[in-house]
Structures are given as C-alpha cells and as structure tokens.
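What follows is a short report on a single structure.
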Amino acid sequence: MRKYHNRRLNWSVCAGLLLLLSGSACKKLYNLPDGKEYLSNKINYDNKSIEPILGRWGLHGGFNADNSSFPMKFEIVNARYGDGRKVTDLFQVRPTYVWTAAYDGDETSLEQIEAKRKLEDHPLFEVRSSGEFMTWPSATDDLVEPRPSDSSKLAQDVRFFDLKVSNSGGTIVLKDFQYIPFRERPYYPDNDINHYTGAVARNPVAPNDPSQRDYIRPRLDNVFGVTTRIRLESNDNKKDVVAYIRPFAGGNGHNLRFKFLDKDSLPMNPALFNETKWNLLVHGFNMQMTNEYVQYDVAYPIPLVTGLNTRWTNGGNARAEFRYSRKDFGGDLITAMFGLDFRIYRAGDWEIVFHFRGDNPKFEDE
C-alpha cells in the first residue's frame with residue numbers, strides 16, 4: 001500500500017514538472033511576451049486647466065485611468081509659456097509642512113502640534129503617483145507670478161505643460177495642460193480682497209464707485225443697537241458690523257488676536273462679552289486678555305486640517321463666536337451672539353477685528 005501511495009505521489013510531481021517545462025518551452029517556441037500591465041490610450045483628465053490660489057494647499061485631481069494598471073509613473077514635461085519661453089519657477093524646491101502623525105484637535109500645546117509635523121522639501125508644483133497635481137503652500141506670489149491683474153488670459157502669460165504617463169504597458173503623453181494661478185489671498189472670507197489685483201475690493205452694490213469698499217460680514221443674532229434699539233445687520237446693503245482680518249506688529253510670530261471697536265473706532269473691553277467661552281474660542285494656548293483684546297499662541301494655518309471636524313471647526317473653517325446676555329422688558333434673559341467662520345493660511349501675527357460701525361451694541365437690561 002505504501003509503494004502504491006509513493007508511486008502516485010511521484011507521478012503527481014512529474015506531471016507538475018512536465019506542465020511547467022512545457023509552458024516554458026511553448027513560450028520560447030512561439031516567442032510569447034511576458035505579461036504586461038495595461039495602459040489605455042483613452043486616459044485623460046476631467047479638466048486640464050489648473051487654477052490654484054497661491055499660498056494654499058491646492059490639489060487638482062480628475063484623472064481618468066480607463067482601467068489602466070497601477071502603479072504608473074507621471075512626469076511633467078515640456079513646461080513652457082504660450083510664447084515658447086521655458087517655465088522654471090513652478091519647480092523651485094522649498095520646505096513645506098507635512099504631517100507625520102494624525103492631528104485630532106485634542107493637542108494641549110504648540111509643542112504637541114509641532115511634534116506631529118515636519119518641514120520637507122518639495123517642488124512648488126508637482127504630480128503625485130496617483131496622478132493628482134499638488135500646489136504646495138510654499139508657492140507664494142514672491143516665487144510664482146500670478147495671473148495678470150487685468151484678468152486677461154493671454155497665451156504668453158499662461159504656463160503650459162505636458163504629462164508623460166507610463167507603466168510596463170507603454171507610454172502616453174497628454175498634451176497642453178494649463179497652469180493659471182490666482183494671487184495669494186492669505187485669509188478667508190476674502191470678499192474684501194480683489195482677487196486679481198490684491199487691492200481692497202469695491203462695494204458689490206456700487207462696483208463703479210472707488211470710494212466704496214467691500215467688507216467681511218460677521219454673523220449676528222440678537223445684537224441690538226444702543227441708540228437705534230433695533231437689530232444690527234451685516235449684509236450687502238447694510239453694514240452695521242463688519243470684520244477685518246489683518247496682520248499686526250509686535251507679536252511673537254504665531255499670535256492670533258481678537259479685537260472689538262465701537263462706532264468711534266475705539267477699543268471695547270472683551271469682558272463685555274460675558275457669555276463667551278474663551279477657552280473654546282480657537283485651538284490656541286497661553287491666552288492673554290487685556291482691556292483691548294484677547295490673544296492666543298496658535299499654529300498656522302488655521303484650521304490646521306481643513307477636512308477634519310473638531311471642536312474648533314465648522315464645515316472646514318475655524319469658528320469664533322462671542323456672546324453676552326441681558327434682560328428684556330419681561331425679565332427674560334436674552335443672549336446675543338456675533339461671530340465669524342474663518343481661515344488664515346499664512347503664518348504670522350494676525351488679528352480679527354469686529355467693528356460696530358453703525359451703532360454700539362446694547363449691553364444694559366431693558
């Protein structure tokens with residue numbers, strides 16, 4: 001019985017070897033190629049015009065592989081202006097932040113945040129192994145010339161490039177991508193900035209009047225004027241309260257300050273907003289409150305991760321809300337609120353100023 005079993009085992013081994021040898025022999029006899037990856041001649045992008053805002057992370061996807069095999073190699077080639085001049089500015093290498101551990105919004109110090117990221121050298125603009133294009137925040141107006149301030153798109157101002165895509169199945173060159181960046185807008189909301197010139201934007205209700213400007217509009221709820229005794233508003237037609245996001249001098253390089261101005265442009269004491277949760281206002285540390293402002297040490301950009309919902313964010317923006325209470329005629333408590341959803345992309349010392357232009361808020365009870 002043992003002999004029979006061994007004989008069967010030997011025949012099985014021999015049969016397997018014969019199959020391997022015959023397959024190899026057939027491959028040589030008929031000169032069959034090794035198995036190759038597939039590269040479709042229909043690969044493409046949904047949109048070949050890339051229009052990032054400089055100074056921010058700008059991811060451009062839309063690659064259609066048409067069932068082609070990954071991994072693929074992507075290479076930007078023949079970068080040139082429309083008049084034939086060579087493009088080199090996009091490929092300057094600069095340090096930029098990358099995360100090495102997950103940010104979750106529960107970090108309790110700047111040191112904890114900085115321990116989760118590092119500076120890494122990257123070209124200002126590059127293509128990833130996924131086929132996505134990345135404009136890094138290190139691409140600023142100083143390094144990359146933005147689109148013309150007159151909003152024209154003349155060929156000599158447009159950067160063109162081709163993309164070489166390859167795997168073991170072949171190589172395809174996709175032609176004539178366009179790179180047309182907008183100049184930096186270092187914060188959001190940015191409706192008070194002209195997107196082409198970088199100057200102060202005009203009033204959308206009177207765009208031809210250079211004496212009128214646009215303003216950032218905060219949210220308002222139950223904020224009444226002390227003189228008018230009506231609800232204050234902030235919209236295209238009425239700007240009782242506006243906001244400014246602007247740099248200030250004298251900080252430590254990573255400060256964020258909140259200020260409040262009355263109708264005479266004089267500072268208001270933040271303590272007036274007595275229902276504000278100052279410890280939950282922003283993901284910041286070492287809070288300082290004076291009679292004129294509240295200030296935090298922060299890590300930029302704000303928010304640090306736009307696609308992550310934390311206690312500090314709302315819909316991809318940081319959210320700051322200020323509240324105070326008073327009693328109405330019936331003795332019931334009224335809570336008033338104003339605030340702003342915002343982002344700040346450029347590191348530095350920034351202040352967000354709320355200006356009560358039309359009337360001061362009413363704090364006294366009825």
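Remember, predicted model here, so these are calculated numbers, not experimental data. If you read the sequence from its start, that first residue is 1, and numbering goes on from there.
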Modelled atom types, side-chain donor and acceptor of [X] and [Y], under 3.5 Å:
| X | Y | result |
| --- | --- | --- |
| Asn252 | Asp297 | yes |
| Ser68 | Asp66 | no |
| Arg231 | Asn222 | yes |
| Glu51 | Ser49 | yes |
| Asn167 | Ser69 | no |
| Thr140 | Asp142 | no |

Taking [Y]'s backbone N and O only, do any of them form a donor-acceptor pair with [X]'s side chain (distance below 3.5 Å, no angle check)?
| X | Y | value |
| --- | --- | --- |
| Thr306 | Gly316 | no |
| Asp141 | Pro146 | no |
| Arg202 | Pro207 | yes |
| Asp359 | Thr227 | yes |
| Thr100 | Lys116 | yes |
| Gln112 | Thr108 | yes |
| Lys48 | Lys175 | yes |
| Asp264 | Leu266 | no |
| His254 | Gly348 | no |
| Glu275 | Thr335 | no |

Determine whether [X] and [Y] fall in the same hydrophobic cluster, where Ile, Leu, Val, Met, Phe, Trp and Tyr are linked whenever their side-chain heavy atoms lie under 4.5 Å apart.
| X | Y | value |
| --- | --- | --- |
| Val298 | Trp278 | yes |
| Leu143 | Val87 | yes |
| Met337 | Phe363 | no |
| Leu54 | Trp57 | no |
| Ile344 | Phe248 | no |

Decide, yes or no, whether a salt bridge links [X] with [Y] under the criterion of side-chain N to carboxylate O below 4.0 Å.
| X | Y | value |
| --- | --- | --- |
| Arg80 | Asp162 | yes |
| Arg326 | Glu364 | no |
| Lys277 | Glu321 | no |
| Lys238 | Asp240 | yes |

Flag the pair [X] / [Y] as yes when at least one side-chain heavy-atom distance between them is below 4.5 Å, and no otherwise.
| X | Y | value |
| --- | --- | --- |
| Gln212 | Val205 | no |
| Glu366 | Ile334 | no |
| Glu120 | His122 | yes |
| Pro181 | Thr135 | no |

* Is the distance between the ring centroids of Phe182 and Tyr196 under 6.0 Å? ->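 Between Phe182 and Tyr196, the centre distance is under 6.0 Å.
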
If you look at every heavy atom in [X] and [Y], which pair is closest and at what distance?
| X | Y | value |
| --- | --- | --- |
| Val158 | Phe160 | O-CD1, 3.5 Å |
| Trp99 | Val305 | NE1-CG2, 3.8 Å |
| Gly198 | Arg183 | N-CD, 3.4 Å |
| Lys259 | Tyr293 | CG-CB, 3.6 Å |
| Asp349 | Asn255 | OD1-N, 3.0 Å |
| Gly105 | His283 | O-CE1, 3.5 Å |

* Pi-cation contact, Tyr215 with Arg213 (under 6.0 Å, within 45°) -> yes

* Under 6.0 Å from the six-membered ring centre of Tyr179 and within 45° of its axis: does the NZ or CZ of Arg159 meet both? -> no

* After noting the C-alpha distance and the side-chain angles of Asp190 and Arg185, does the key distance pass the salt bridge (Lys or Arg N to Asp or Glu O under 4.0 Å) rule? -> CA-CA 7 Å; Asp190 53 23; Arg185 304 198 293 273; 2.8 Å; yes

* **Test side chain to side chain contact (heavy atoms under 4.5 Å, CB included) applied to Pro186 - qualifying residues, sequence neighbours left out** =>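 Pro186 satisfies side chain to side chain contact (heavy atoms under 4.5 Å, CB included) with Ile193, Arg346, Trp350 once adjacent residues are dropped.
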
Any idea how [X] and [Y] line up, ring-wise: parallel (<30°), tilted (30 to 60°), or perpendicular (>60°)?
| X | Y | answer |
| --- | --- | --- |
| Phe260 | Phe354 | parallel |
| Phe177 | Phe161 | parallel |
| Tyr45 | Phe63 | tilted |
| Phe91 | Phe125 | tilted |

Please report the interatomic distance [atom1]([X]) to [atom2]([Y]), rounded to the nearest 0.5 Å.
| X | Y | atom1 | atom2 | answer |
| --- | --- | --- | --- | --- |
| Leu308 | Thr310 | CG | OG1 | 6.0 Å |
| Asp157 | Ile180 | CG | CD1 | 10.0 Å |
| Gln178 | Lys153 | CD | NZ | 7.5 Å |
| Lys164 | Leu174 | NZ | CG | 12.5 Å |
| Gln295 | Asn286 | CD | CG | 10.0 Å |
| Leu232 | Leu220 | CG | CG | 6.5 Å |

* Evaluate the criterion side-chain contact (heavy atoms from CB on, under 4.5 Å) for residue pair Leu272 and Tyr324; output intermediate values, then yes/no. => CA-CA 7 Å; Leu272 291 168; Tyr324 61 96; over 6 Å; no

* Evaluate side-chain contact (heavy atoms from CB on, under 4.5 Å) for Tyr244 paired with His355, printing each intermediate quantity in order. => CA-CA 8 Å; Tyr244 318 105; His355 187 186; 2.8 Å; yes

* side-chain contact (heavy atoms from CB on, under 4.5 Å) assessment of Tyr97 paired with Glu114 -> CA-CA 10 Å; Tyr97 276 113; Glu114 296 304 337; 3.8 Å; yes

* Asked: Where do Phe258 and Phe273 land on the ring pair (Phe, Tyr, Trp, His ring centres under 6.0 Å) test, with the steps shown first?
  -> CA-CA 12 Å; Phe258 295 94; Phe273 310 107; over 10 Å; no

* Asked: Tyr188 pairs by side-chain contact (heavy atoms from CB on, under 4.5 Å) with which of Ile245, Ile53, Ile216, Asn317?
  ->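 Of the listed options, the one satisfying the test is Asn317.
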
* Asked: Do other residues, nucleotides or ligands put more than 12 heavy atoms under 6.0 Å from the NZ atom of Lys239?
  ->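 For Lys239, atom NZ is crowded (more than 12 foreign heavy atoms under 6.0 Å).
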
* To do: Please report the C-alpha distance between Met287 and Asn279 in whole Å, then the side-chain angles of each, then the deciding distance to 0.1 Å, and finally whether the side-chain contact (heavy atoms from CB on, under 4.5 Å) criterion is met.
  => CA-CA 8 Å; Met287 187 189 85; Asn279 61 323; over 6 Å; no

